[in-house]
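To keep things clear, I will list the structure first and then write my remarks on it.
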Amino acid sequence: MTEKPARVRFAPSPTGRMHLGSARTALYDYLLARRTGGKFILRIEDTDRKRFVPGAEQELIDGLRWLGLEYDEGPDIGGPFGPYRQTERRESYQKWAAELVERGLAYPCFCAADKLEKNRQEQLKQKLSLRYDGTCRRLDPDEARRRIAAGEKHVIRFKMPYDGQTTASDIMRGPITWDNAGLDDTVLLKSDGLPTYHLAAMADDYEMGITHVIRGSEWLPSLPVHVNLIRALGWPEPVWMHLSVFLKPSGKGKMSKREGAEALKDGHSIFVTDLQKLGYTPEGVLNWIVLMGWGVAEDDVMTLHEMTQRFTIDHLTASPAAINFAKLDHFNGTHIRLLTAEDLAGRVKPFLTEAGFRVDDALLLKTIPLIRERLATLDDAVPFAGFFFLENVNPLPAELPAAGLSPAQSAEIIRQALKILSALTEINHAAAEPPLRQWAEARGLTVNQTFGILRVAVTGQKVSPPLFESMAIIGRETVLKRIERAIELLEKM
RNA sequence: GCCCCCAUCGUCUAGUGGCCCAGGACGGGGCCCUCUCAAGGCCCAAACAGCGGUUCGAGUCCGCUUGGGGGCACCA
């Protein structure tokens, strides 16, 4: 590759939970940085003190770590361009704001919030476009200085050009042109002295040497503000990439809290730490989201490492993508099957432990070949492997009799099966399956019926890994004991 | 109300003017395998939103219409 090393930043604000959209942005950031031999930076945009959520930053960091998106610079690990939290860089923003005012590119605005709100309502009523009326832009600079000196509350607004056009280029959409007449005098510095996103992000990107800005398409409307600001200050312009939003599964509208709750009922979630708890793997999640907005012709199963080798900016797509959880399940299962037995065992263990099973590592490892292709999520191991770690199972009596057979008939069948099995010195597929099958067929029974009763007797459930392979792991004595118990249960029915 | 973006199977997408009577994946249907459930193999149905241009030739370029999405805060 001939691309120059890119400096890319993931810049979330600690105002909520880390969702799929953020994860995908971070992924693309990471891929671009790794692909070009550049740097991936985590920056926390915490200038909104009202919406600040304690713990949100940690969830972001945990999410990135879990996904395996290691960053090179960040608030917790430092780096040459720190600090990486915006509230720790406020002097810098104030300095830039002051410079803009001094050069006549920005101005202090004393308009009160309630007055601005009244204006907005009025504009709404008259069906006008919503924008600042420009009162303070026309203020005499000397008077403004006097009012500031008198301690009057104010913000700093950027002076957008009144006429002409602004053109900026997005990597996936090409050049976009706006009439400046439709642009607003955006607030750069709030009355609490902290910057808004517009100033803070641009200043940081400049000071941190960011070469590519990857962010959500909700930022597209403020692109002209950002480029005018950058150009006013004479800063180099980064490459812009505005990622489309994720739509709810129906494709109508973007994901909301309502859909989030709906997904959770279904064993899915749009939050990355939830996905972890639900038994999804980073590999599965990553593979799923990387394809929502970036297309490959074929071979769509990839690890993070393979993604970094294949990722290219020019295959990014600009259209909104609907979330499809069925596809997540598929990718997750696929990556589970790609793991080594040891790896899978280690990942599955916490879910079994959490479910109350006392897990023996050696035993767990033996069950992996039996359960691996049955798992869509890691916690599917609970129903598929839990019974291996139990001394006794408790079959539901109602589930014991085979379809179309009475409890008495079913009892008789496994009494015979017990006879056959106890004659064996070891119970495994090779030794147990042929004689049982022969016997069943001779009696005019289907193997489904016969093996079915045994399955419930031995595993306690109607659905399980292969019967005889499971028996081999459980061991002869325990198997025979469980069958005897089932016979008792059937006799009592 | 104003501004901006997007538009290929139900969904995610490949396609960068002829290689496309449009390819892959998920989901769906069928068959095979099979002790349940899976996994796996094979096969099938399924799309270029519409209308005008440009061109010898358009899914691919342009315009309009329609549909969808985003934005218009001292939030990011």
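Remember, predicted model here, so these are calculated numbers, not experimental data. These numbers come from the heavy atoms of this one structure, side chains and all, not from hydrogens, waters or symmetry mates. Letters A, B, ... are given to chains in the order of the sequence lines, protein chains preceding strands, and every chain is numbered from 1.
Not one side-chain nitrogen or oxygen of A/K50 sits closer than 4.0 Å to the OP1 or OP2 atom of B/rA76. Of the side-chain N and O atoms in A/K190, one or more sit less than 4.0 angstrom from OP1 or OP2 of B/rA76. Taking 4.0 angstrom as the limit, A/T47 places a side-chain polar atom (N or O) nearer than this to OP1 or OP2 of B/rA76. OP1 or OP2 of B/rG15 lies within a sub-4.0 Å distance of a side-chain N or O belonging to A/H315. Listed pair A/R49 / B/rC74 fails the phosphate criterion, with no side-chain N or O lying under 4.0 Å from OP1 or OP2. Regarding contacts with the backbone of B/rC74, a side-chain N or O of A/R157 is found under 4.0 angstrom from either OP1 or OP2. Residue A/T317 places at least one side-chain N or O closer than 4.0 Å to OP1 or OP2 of B/rU13. Using a 4.0 Å cut-off, some side-chain N or O of A/R120 falls inside it from OP1 or OP2 of B/rA73. Applying the 4.0 Å criterion to OP1 and OP2 of B/rC12, one finds that A/N324 has every side-chain N and O outside that range.
Look at B/rG1: its Watson-Crick or wobble partner, with both distances under 3.5 angstrom, is B/rC72. Of the nucleotides present, B/rA25 is the one that pairs with B/rU11 by Watson-Crick or G-U wobble criteria, both distances under 3.5 Å. When both pairing distances are held under 3.5 Å, B/rC42 makes a Watson-Crick or G-U pair with B/rG30. Base-pair partner of B/rG63: B/rC51 (Watson-Crick or G-U wobble, both distances under 3.5 Å).
No contact: A/G216 has no heavy atom under 4.0 Å from any strand. Across all strands, A/V155 comes closer than 4.0 Å to base atoms (heavy-atom distances). Note on A/R173: only backbone sugar-phosphate atoms sit closer than 4.0 angstrom, heavy atoms only; bases stay farther off. If you check every strand for non-hydrogen atoms under 4.0 Å, A/P12 touches nothing. Heavy atoms of A/W219 sit under 4.0 angstrom from at least one base atom. At the heavy-atom level, A/S464 lies under 4.0 Å from base atoms of the strands shown. The residue A/S13 sits close only to the backbone: its heavy atoms come under 4.0 Å of sugar-phosphate atoms, none of a base. Note on A/R337: only backbone sugar-phosphate atoms sit closer than 4.0 angstrom, heavy atoms only; bases stay farther off. A/P249 comes within 4.0 angstrom of nothing in the nucleic acid, heavy atoms only. Contact annotation for A/L467: base contact, defined as any heavy-atom pair under 4.0 Å involving a base atom.
Counting only N and O atoms by type, the side chains of A/N180 and A/T166 include a donor and acceptor under 3.5 Å apart.
To the nearest whole angstrom, the two C1' atoms, one in B/rU54 and one in B/rG29, are 43 Å apart. The same atom, C1', is picked in B/rG71 and in B/rG18; the two are 41 Å apart, to the nearest Å. The C1' atoms of B/rC3 and B/rA25 are separated by 37 Å, rounded to the nearest whole Å. Taking atom C1' on both nucleotides, B/rU66 is separated from B/rG28 by 29 Å, rounded to a whole Å.
Ring-plane geometry between A/H242 and A/W240 is classed as parallel, the angle between the planes falling under 30 degrees on a 0 to 90 degree scale with a further cut at 60. Ring geometry for A/F451 against A/F468 counts as perpendicular: the plane angle is over 60°, on a 0 to 90° scale with 30° as the lower cut.
At a cut-off of 3.5 angstrom, the base of B/rC6 holds no donor-acceptor pair with the side chain of A/S319. One N or O donor and one acceptor, one from the side chain of A/R51 and one from the base of B/rC75, sit under 3.5 Å apart. If you check distances only, the side chain of A/R374 does reach the base of B/rC37 with a donor-acceptor pair under 3.5 Å. Counting atom types as modelled, A/E469 pairs a side-chain N or O with a base atom of B/rC35 as donor and acceptor under 3.5 Å.
Rounded to an integer number of Å, the gap from A/R455 CZ to B/rU34 P is 15 Å. Counting to the nearest Å, the P atom of B/rC12 and the CG atom of A/D300 are 15 Å from each other. B/rU16 atom C1' lies 16 Å from atom CE of A/M172, rounded to whole Å. Note: CG (A/L220) to C1' (B/rC4) measures 6 Å, nearest angstrom. Between the CE atom of A/M292 and the C1' atom of B/rA25 there is a distance of 13 Å, given to the nearest Å. Residue A/L194 contributes atom CG, which lies 9 Å from atom P of B/rC75 at whole-angstrom precision. Straight-line distance from the CD1 atom of A/I289 to the C1' atom of B/rU11: 17 Å, rounded to whole Å. Note: CD (A/Q121) to P (B/rC72) measures 15 Å, nearest angstrom.
For the pair A/R49 and A/D192, the salt-bridge criterion is not met [side-chain N within less than 4.0 Å of a carboxylate O].
Using a distance-only test at 3.5 Å, with no hydrogens or angles considered, a donor-acceptor pair links the side chain of A/H335 to the main chain of A/M302.
A pairwise comparison of heavy atoms in A/L405 and A/L445 identifies CD1-CD2, 4.2 Å as the closest pair. The shortest non-hydrogen separation linking A/H154 to A/P108 is CD2-CB, 3.9 Å.
Aromatic ring centres of A/H226 and A/Y197 lie closer together than 6.0 Å.
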